[in-house]
Peer 1: 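The structure follows.
Lettering of chains follows the sequences in order, A, B, ..., and the numbering in each one begins at 1.
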Amino acid sequence: MSGAGGSPATVTAAAMLLAGGSAYALLSGADFGGGIWDLLAGRGERGARLRELIDTSMTPVWEANHVWLVYLLVILWTAFPPAFSAIMTALFVPLSASALGIVLRGIGFAFRHEVRRFRSRQLAGALFAGASLATPFFLGTVVGAIVSGRVPARPRDDLVGAWVNPTSMLTGSLFVLACAYVSAVYLVGDAARRGEAGLVRAFERRAAVAAVATGGLAAATLAWLSRSAPRVFANLTGRALPLVALSVAAGLAVLVAIWRHRYRGVRALAGLAVAAVLWGWGLAQYPELVPGAYTLRAASAPNASLLAVLAILGIAAVTVGPAFAVLYRLQQRDALAAHASAPGNPGGRGDPGGRGRGRAAGGGGAGP
Amino acid sequence: MIFAAAVVPARAQMGSSLGFHIILACFGVAFPAIALSAEWIGVRRGDPVALLLARRWSKVMAVLFAVGAVSGTVLSYEMGLLWPGLMGRFGEALGIPFTMEAVFFFLEAIFTGIYLYGWDRLSPRAHLWSGIPLPITGALGLFSVLAANSWMNSPAGYTMRHGRIASIDPWAVFFNASTPYESAHMLLAAYMVTGFTIAGIYATGMLRGRRDHYHRLGLRVSFLAGATATPLQAIVGDSVARFVEHTQPVKFAAMEYVPNTARDVPEYLGGVLVNGKVDLALNVPGLDSILVGWTPSTKVIGYRSVPPDRRPPLMSLIHLSFDLMVVIAFALLALVCWAGWVWWYERRWPKSNWFLVCVALSGVASIAAMESGWIVTEVGRQPWVVYGVELTSAAVTRARGVGVTLGVILAVYLVITVCSIAVPMMMSRRWRNEPPGDEGASVPYGPPDRQAAPR
């Protein structure tokens, strides 16, 4: 089997894809989840308070988080060009839809900070929130299609065959729920840090519901894979079982932590629950990259390319890594204020400003 | 040519998304340097107006960068969605500069987050320093992307076996023959586009009577950025044209309407190509040969040296785009010389309204020049996607639906273009009507008024 896995550089490049995928899921996934909770926040004063926390938590970091997607695309096409080519052809429709979702989400997010009329603001907000729901769904269908072997090596002219099927629908929905789950857990922590008892409770409820729903859907997806991808299923319940068990354990630990209102390490646990599944998927599929079409070795770029990419990633680890650390550290200490600079605009129409700063500076706003 | 039917919509989609993104990319590369200059002036001289300017600019940056980040991502997608035949065969080569670019994009996005949102809680000095990486990562990111485009014009550093790349020399891929020319040309273009566009906005404000310190400073800082790049661009642009003549003679022949390889080739200014004949052009005998090799006896290769299906399409578009770019470049150079002349002899900025009118137009003009330049580069490279190695028709996707995505892209980008212009205009109107220092809160969206019942 190891022959199909290719050289050490090939396997390392595949691991770098999984690492990037995990980072994207845990960082940008949480930003998508924020959009989903924004969509479900309800109207009026209460909805605005939830949205404000979501917005403050993601504004300074979403762009950096988003770059992980570009990383994934670039590493995939550099390290495994024919597989990239096959995936992009067979899954043209859901990938185009996810690209559109990314555009609409980005501009909705950017514009709604600056437009002032309530109607425009609602429209921009709805774009942001709706696209936050749709984008992970389409990306999830792509993964479902790959897992269940629906991407051929030489894709035919077929718009829906690869991604309109139960597996893809399950993985698409699973991606949406996982984003909502990760995000809710992170937001519990953010609300707690700000001493917002009301928001803590609101997101605790959401995190618990999302945790149970995600876990349930993950189990259902796994069960369905026994039919649609028997080999991957066998490995998920075989050699990748420890990772699956780790995910379940981490997920349960998150529930316990929320139940006991202990938020220390809860982000890491939620992240572990999601990342363990991703790595489990990778391990279960190994040595296949696109099951039925390409093994890692068959899709691999020449070694010189892989080594160049790995060298660049090595440089990235020592430059981008510390920079990310600084960014998140500043953000966690509330040194980056999305809209806290507002001295308030009492007469301004449609601008309920001033709250951000009042709260951040004063520390503990009263919960509802 | 089996899948040639999809080539035209795919190229139209790639061209329009690239043409849209490149403007925002210019701002991503050059705007931070301009804002940092204003901030530095503000910190250094204790000038609150300069600081206000820098702060407001960073608010506009936040919007433009967000749009640029997503439109750039669309391009990454499109590399695979539209051109799987390119990426499947050459992804391992093209990917190397793109991997470098991803690293710089990461750094840029991270420091953007710190710079844009760190105004309040970071010390002025720390904040200024947090912005310093932005112009550097922006320039290096530009260099990497341009290295990828250069590779498509001057493919190098690989060997093929059985239709797939067998080995790679990453250095030769990255530093291919076109890289220094293209990246220098584009870096200067980014500073010209950004500098002149921002200067144009403040010039317009001054023409409307807002001649305060705020507007004068906004104009001067940004104009200087564009003005510094302009004379350098004249030199670089000239050598790029000569380089194209040496390495892609057919592209050059299309740019200059040279049908047959000959000496003493005339230079056509303007004009369209109808049935192989140049119409409505100003003809300067021998000038093209002189521009290429300094003497009229220089031989210039014509496009008839290759069969018709190896010549670029739309030669009139290529030629007129090239002419437009050159004409605008010289007009901008004249504008810069005007300002330099007045400064040299009178130690002041030109006072005349005509100068402001010209500056006001310089932004749109520089964008038009840059877009024209890209039309020359990209349409001129056709029918090749990798020059001399792979035809665009072999690279295009077999998936149906490009017609639909093209329509969606055009519609969505049109709306985003309007919004990307309208939103900063609204911001500026709001700033004019608000007392200085009130930067306006922006809670995402709540009820129109917290006191009023929602709807």
Peer 1: Which heavy atom of B:Gly88 sits nearest a heavy atom of A:Ser85, and at what distance?
Peer 2: CA-CB, 3.7 Å
Peer 1: For the candidates B:Val103, B:Val63, B:Ile114, which exhibits the highest count of non-hydrogen atom pairs separated by less than 4.5 Å from chain A?
Peer 2: B:Ile114
Peer 1: Against chain B, label A:Leu73 side chain, backbone, both or neither, depending on which of its atoms sit under 4.5 Å from a heavy atom there.
Peer 2: side chain
Peer 1: Shorter than 4.5 Å, heavy atoms on both sides: which option in B:Gly113, B:Ser167, B:Gly118, B:Gly91 has the most such pairs with chain A?
Peer 2: B:Gly91
Peer 1: Select one option (side chain, backbone, both, neither) describing which atoms of A:Arg329 are under 4.5 Å from chain B's heavy atoms.
Peer 2: neither
Peer 1: Do you know which of A:Val309, A:Leu313, A:Asn65, A:Thr319 has the most heavy-atom pairs under 4.5 Å to chain B?
Peer 2: A:Thr319
Peer 1: Looking at chain B, which one of A:Ser305, A:Ser98, A:Ala304 has the largest number of heavy-atom pairs inside 4.5 Å, strictly under?
Peer 2: A:Ser305
Peer 1: How far does CE of B:Met87 sit from CG of A:Leu76, to the nearest 0.5 angstrom?
Peer 2: 10.0 Å
Peer 1: Minimum heavy-atom separation for A:His66 to B:Thr73, with atom names?
Peer 2: NE2-OG1, 2.5 Å
Peer 1: Run the side-chain contact (heavy atoms from CB on, under 4.5 Å) check on A:Phe111 and B:Val67 step by step: do they pass?
Peer 2: CA-CA 9 Å; A:Phe111 289 156; B:Val67 181; 4.1 Å; yes
Peer 1: Would you name the heavy atoms of A:Ser300 and B:Arg164 that are closest together and state the gap between them?
Peer 2: O-NH2, 3.0 Å
Peer 1: Do you know which of B:Ser71, B:Ala62, B:Ala69 has the most heavy-atom pairs with chain A at a distance under 4.5 angstrom?
Peer 2: B:Ala69
Peer 1: Quick one: what part of B:Met100 sits under 4.5 Å from any heavy atom of chain A, side chain, backbone, both or neither?
Peer 2: both
Peer 1: Only counting residues at least two apart or in another chain, list the ones meeting salt bridge (Lys or Arg N to Asp or Glu O under 4.0 Å) with A:Arg105.
Peer 2: none
Peer 1: So for A:Ala299, is it side chain, backbone, both, or neither that comes closer than 4.5 Å to the heavy atoms of chain B?
Peer 2: backbone
Peer 1: Checking A:Ser120 against chain B: side chain, backbone, both or neither under 4.5 Å from a heavy atom?
Peer 2: neither
Peer 1: Just give me the residue among B:Leu116, B:Val74, B:Thr405 that pairs up with chain A most often, heavy atom to heavy atom, under 4.5 Å.
Peer 2: B:Thr405
Peer 1: Kindly compute the distance separating CD (A:Glu114) from NZ (B:Lys59), expressed to the nearest 0.5 Å.
Peer 2: 5.5 Å
Peer 1: Please round to the nearest 0.5 Å and tell me the distance separating atom CH2 of B:Trp83 and atom CE of A:Met88.
Peer 2: 13.5 Å
Peer 1: Relative to chain B, which segment of A:Ile102 carries a heavy atom at a distance below 4.5 Å: side chain, backbone, both, or neither?
Peer 2: both
Peer 1: Does any N or O in the side chain of B:Arg121 come within less than 3.5 Å of the main-chain N or O of A:Leu330, such that one atom is a donor and the other an acceptor?
Peer 2: no
Peer 1: Identify which of B:Val402, B:Leu81, B:Val423, B:Ile409 forms the greatest number of heavy-atom pairs closer than 4.5 Å to chain A.
Peer 2: B:Leu81
Peer 1: For the residue pair A:Ala323 and B:Ile110, what are the closest heavy atoms and their distance?
Peer 2: O-CG2, 3.4 Å
Peer 1: Of all of A:Ala110, A:Gly106, A:Ala90, A:Ser96, which one pairs up most often with chain B through heavy atoms under 4.5 Å apart?
Peer 2: A:Ser96
Peer 1: Between CZ of B:Phe98 and OG1 of A:Thr78, what distance do you get to the nearest 0.5 Å?
Peer 2: 9.0 Å
Peer 1: Which answer fits B:Val412, side chain, backbone, both or neither, if we ask what part of it has an atom under 4.5 Å from a heavy atom of chain A?
Peer 2: side chain
Peer 1: At what distance, to the nearest 0.5 angstrom, does OH of B:Tyr77 lie from CG of A:Leu69?
Peer 2: 4.5 Å
Peer 1: Which one of A:Phe128, A:Trp77, A:Phe80 has the most heavy-atom pairs closer than 4.5 Å to chain B?
Peer 2: A:Trp77
Peer 1: Go through A:Tyr71, A:Trp68, A:Phe84 and name the one with the most non-hydrogen pairs under 4.5 angstrom from chain B.
Peer 2: A:Trp68
Peer 1: Verify the neighbour count for atom CE of B:Met425: are there more than 12 heavy atoms of other residues, nucleotides or ligands below 6.0 Å?
Peer 2: no
Peer 1: Let me confirm one number: the CG-CG distance from B:Asp120 to A:Asp334, rounded to the nearest 0.5 Å.
Peer 2: 12.0 Å
Peer 1: Check ring pair (Phe, Tyr, Trp, His ring centres under 6.0 Å) between A:Trp62 and all other residues, then give those that pass, not counting sequence neighbours.
Peer 2: A:Phe109
Peer 1: Please classify the contact between A:Phe324 and chain B as side chain, backbone, both or neither, with a heavy-atom cut-off of under 4.5 Å.
Peer 2: both
Peer 1: Count the heavy-atom pairs under 4.5 Å between each of B:Ser130, B:Pro170, B:Ala102, B:Gly80 and chain A, then report the option with the highest count.
Peer 2: B:Gly80
Peer 1: Which atoms form the tightest heavy-atom contact between A:Val70 and B:Ser76, and what is the distance?
Peer 2: CG1-OG, 3.9 Å
Peer 1: Where do B:Phe106 and A:Ala64 come nearest, in terms of heavy atoms and distance?
Peer 2: CE2-O, 3.8 Å
Peer 1: Of the backbone (N, CA, C, O) and the side chain (C-beta and beyond), which part of A:Val320 lies under 4.5 Å from a heavy atom of chain B, both, or neither?
Peer 2: both
Peer 1: Pick one of side chain, backbone, both or neither for A:Leu100, based on which atoms fall under 4.5 Å of a heavy atom in chain B.
Peer 2: side chain
Peer 1: Taking side chain as everything from C-beta outward and backbone as N, CA, C, O, which of these in B:Tyr158 sits under 4.5 Å from a heavy atom of chain A? Side chain, backbone, both or neither.
Peer 2: neither
